[in-house]
Colleague: 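Mind looking over this structure? Questions follow.
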Number of protein chains: 2
Amino acid sequence: MNDKLLELDKRKAFILATVVYEYINTAEPVGSVTLTQKYNLGVSSATIRNEMAELEAGGYLVQPHTSAGRVPSDAGYRTYVDRLMAPETLTKDDSRRIRDQFREASTELADVIDQTTRLLSGLSGNLAMAIAPSRDTHAFKHVQLIWLSARTSLAIVVTSGGVAAQRVFEWSTDVNADDLTRLSNALNSRFGGRVMEDIGATEIDAVSAELGVSAEIGDAVRTVFATARATDEPEIAAAGAQNLLDQPEFHDLRKLRAILRIVEEQRTLYDLIADELTAESASTPDGAPHVRIGHELRADELAECSVVTVPYRFGDRGVGMLAILGPRRMPYGRLIALASGTARSLGEHLNDVEIR
Amino acid sequence: MNDKLLELDKRKAFILATVVYEYINTAEPVGSVTLTQKYNLGVSSATIRNEMAELEAGGYLVQPHTSAGRVPSDAGYRTYVDRLMAPETLTKDDSRRIRDQFREASTELADVIDQTTRLLSGLSGNLAMAIAPSRDTHAFKHVQLIWLSARTSLAIVVTSGGVAAQRVFEWSTDVNADDLTRLSNALNSRFGGRVMEDIGATEIDAVSAELGVSAEIGDAVRTVFATARATDEPEIAAAGAQNLLDQPEFHDLRKLRAILRIVEEQRTLYDLIADELTAESASTPDGAPHVRIGHELRADELAECSVVTVPYRFGDRGVGMLAILGPRRMPYGRLIALASGTARSLGEHLNDVEIR
DNA sequence: GTTGGCAGTCCGCCAGACAGAGTGCCAGGC
DNA sequence: GCCTGGCACTCTGTCTGGCGGACTGCCAAC
């Protein structure tokens, strides 16, 4: 690949756009004759051949083998997406399906995320993914220890992100309802409004010690705070892997396997999208979709894939991410419109409905 | 397939067992010469040929085409599993890996289920699934409305299955902490110990009305009870679909697609296993693994698959199910041992750790 | 700068040949 | 009566060579 790309005159740009468009639709390498027959270019195939040879030298096209048509390179797709492609809007039908879906969507965050990936994979015909907003920076709001019976209690922690942890504890000795209430009140007044990650174990222990509660209860409180802060298991969902089987590029079992492995390894999948969450939310305008193509994904297994990502807002609870993964040969315009539209509806749904 | 199967004498039984064993290991149709060469049968290949012809007539073996070796039929596998196969126990290595896994497993039910499927798919080299115990028959234990601020409250319902619902509500007018406490106490004394599904909306409304709380709060209470009772989204997890790609029987993309679709359609997957949960938990000894082979699964897409299921106990909270899905040509003995061992460890883990 | 023409290249497909694996059957032996 | 070696037959998978099709690159002419 060239460091510096060839400048494109108007005709080259049109030819490149047409090659990409045709290849996306047919999955077959595009030849000069096909081009002149199907599109009104006003010149002969010989001229197209000359132009295509220059586009190949310039790094926009590649030839799978001598005497085959041309296929776009990463740079070819990139140029197409950034400068040549006509932006698309949602079709009426897609809009309706998205609206219908969210009208009866769940009120539980994990379920909504899950349903959204199903919707998006169905509409896009590709693999769809979603991650929930991270809870790194949530503020502590409330802790409550609730007396259930002499030997069992419920502890619950609420943050600005909603209920962050709850758990039933069993005690080896009887506990007193008043003690639990006093401890709850003390913790609330001490930590109210603080950011979760700043609330340390020693400080929690100090409060327990002040009130003279048993070691067992002190341990329980520390545990439930730790759980509320935990961010190691990000909420992530994926759906539609079987859609990829329809794409000729995945008829090769090795490639398919590599993709499936990535999808099941939630960690890799998360990193793939989360990169975008940190890097891009600062640099691009709010809510803009973003496309990464082939090697831009920095993973060999995904060298023939592209990913469309788009952030969604969850009120003041942070930013999540929707993503569509498919072959590089994907209908970028349509998928960008779909992802954006779905992200918008998802955000609205999350704000309208009280999500726990 | 024959209604009545041929009686098997000792030699036929041994030959059938050997054919199944060999086919499971090689994935190639088994011929008479292979059999005499690899196993000490004491007779010539011609004799084996005669026996195999009878086994085929009896419905235990089939021939993919003339002049190919034999392959077991559903009945052949069934006989092997029920009567011919030597039971296996967990290897030291597998035991250790299961133990290690649960030593550091999560305390959250959904996560444990998820991690268990990953473990089991990794060990078995097949697709693993798990469903959590249903919460149909849980008993109501406690409800608490917690004052967070003048305009926000937290409602939480605890059942014998743990925390069944929690949700933050925002009010249009200020609410009073004492009102919330009084309502909580009234609900607790009214419903304590009852089975969740017997607690109706009208009865809940009656309590709210008695205490004269606002309609808004009344609605909230009804909503949170409804959520706690909801069983429509069964907790189900699956992992290891990519393992199936290694099996030659899934190199056919259509078959693979059908399987992947089933895995993503959680409903079908759930039905597949839940059948077993209701039908079998009554009829088979507690905790016994169960195998369903090919057409026994009553799904055309799964005609070439088998499923091993094994229930696990979650204390007094009901029974869940682990399952392994793979080609009929699966190492039944090993998978049964793995599933049983994992189910046992999972049950122990769920009882040891306080799961929320 | 553009074009038609032409030689050259590579792929995919098909038919035919062939080796390999396995069966069924039969006649002879224990 | 059961077992066995031998043999003819069948079917598969693979390999090969040939052929048509689809392109390209280049050149000479416009």
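Please read all numbers here as calculations on a predicted model, not as lab measurements.
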Colleague: Rounded to the nearest angstrom, tell me the gap between atom CD1 in B:Ile15 and atom P in D:dC3.
Modeller: 10 Å
Colleague: Is there a side-chain contact between B:Asp94 and B:Arg334 in this structure, where contact means two heavy atoms from C-beta onward sitting under 4.5 Å apart?
Modeller: yes
Colleague: Find the distance A:Lys12:NZ to C:dT2:C1' and express it as a whole number of Å.
Modeller: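 Interatomic distance, NZ of A:Lys12 to C1' of C:dT2: 14 Å.
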Colleague: At under 4.0 Å, does any side-chain N or O of A:Ser32 touch on OP1 or OP2 of D:dA22?
Modeller: no
Colleague: Round to the nearest Å and state the distance from B:His65 atom NE2 to C:dA21 atom P.
Modeller: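 Spelled out: NE2 on B:His65 to P on C:dA21 is 13 Å.
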Colleague: Side chains of A:Tyr60 and A:Tyr80: does their closest heavy-atom pair fall under 4.5 Å?
Modeller: no
Colleague: Rounded to whole Å, please give me the gap between CD in A:Glu28 and P in D:dG21.
Modeller: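 Those two atoms, CD and P, are 17 Å apart.
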Colleague: Provide, to the nearest angstrom, the distance between the CG atom belonging to B:Leu41 and the P atom belonging to D:dC2.
Modeller: 19 Å
Colleague: Is the closest side-chain heavy-atom distance between A:Ile293 and A:Tyr332 below 4.5 Å?
Modeller: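 The answer is yes, as the side chains (C-beta and beyond) meet within the 4.5 Å cut-off.
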Colleague: Please classify the nucleic acid contact of A:Ser45 as base, sugar-phosphate, or nothing, using heavy-atom distances under 4.0 Å.
Modeller: nothing
Colleague: Check this for me: does the side-chain of A:Thr66 come within 3.5 Å of the base of C:dT9 through a donor and an acceptor?
Modeller: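 No, no donor-acceptor pair under 3.5 Å.
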Colleague: So, do B:Glu88 and B:Pro331 sit near enough that their side-chain heavy atoms are less than 4.5 Å apart?
Modeller: no
Colleague: Determine whether A:Ile262 and A:Leu325 make a side-chain contact, defined as any pair of heavy atoms from C-beta on separated by less than 4.5 Å.
Modeller: no
Colleague: Let's see if you can work this out: which of D:dT4, D:dC23, C:dG22 has an atom nearest to the side-chain heavy atoms of B:Ser67?
Modeller: C:dG22
Colleague: So does B:Asp82 have more than 12 non-hydrogen atoms from other groups sitting under 6.0 Å from CG?
Modeller: yes
Colleague: Can you check the A:Glu51 CD to C:dT2 C1' distance for me, whole Å?
Modeller: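 In whole Å, C:dT2 C1' lies 11 Å from A:Glu51 CD.
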Colleague: Which is more 5' along DNA chain D, the nucleotide nearest B:Val43 or the one nearest A:Gly69? Just name the residue.
Modeller: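 The answer here is B:Val43.
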Colleague: Please identify which of these residues, B:Arg49, B:Gln37, B:Arg70, meets the side-chain hydrogen bond (donor to acceptor under 3.5 Å, both in side chains) condition with B:Ser32.
Modeller: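 The passing option is B:Arg49.
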Colleague: Sugar-phosphate atoms are those with a prime plus P, OP1 and OP2; base atoms are the rest. Using that split, label each nucleotide of nucleotides 25-30 of chain D B, S or - for protein heavy atoms under 4.0 Å, 5' to 3'.
Modeller: B-----
Colleague: Distance check needed: C:dA21 P versus B:Ile48 CD1, whole Å only.
Modeller: 19 Å
Colleague: In whole Å, what is the span from the CG atom of A:Leu35 to the C1' atom of D:dA22?
Modeller: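 The distance from CG of A:Leu35 to C1' of D:dA22 comes to 15 Å, rounded to the nearest Å.
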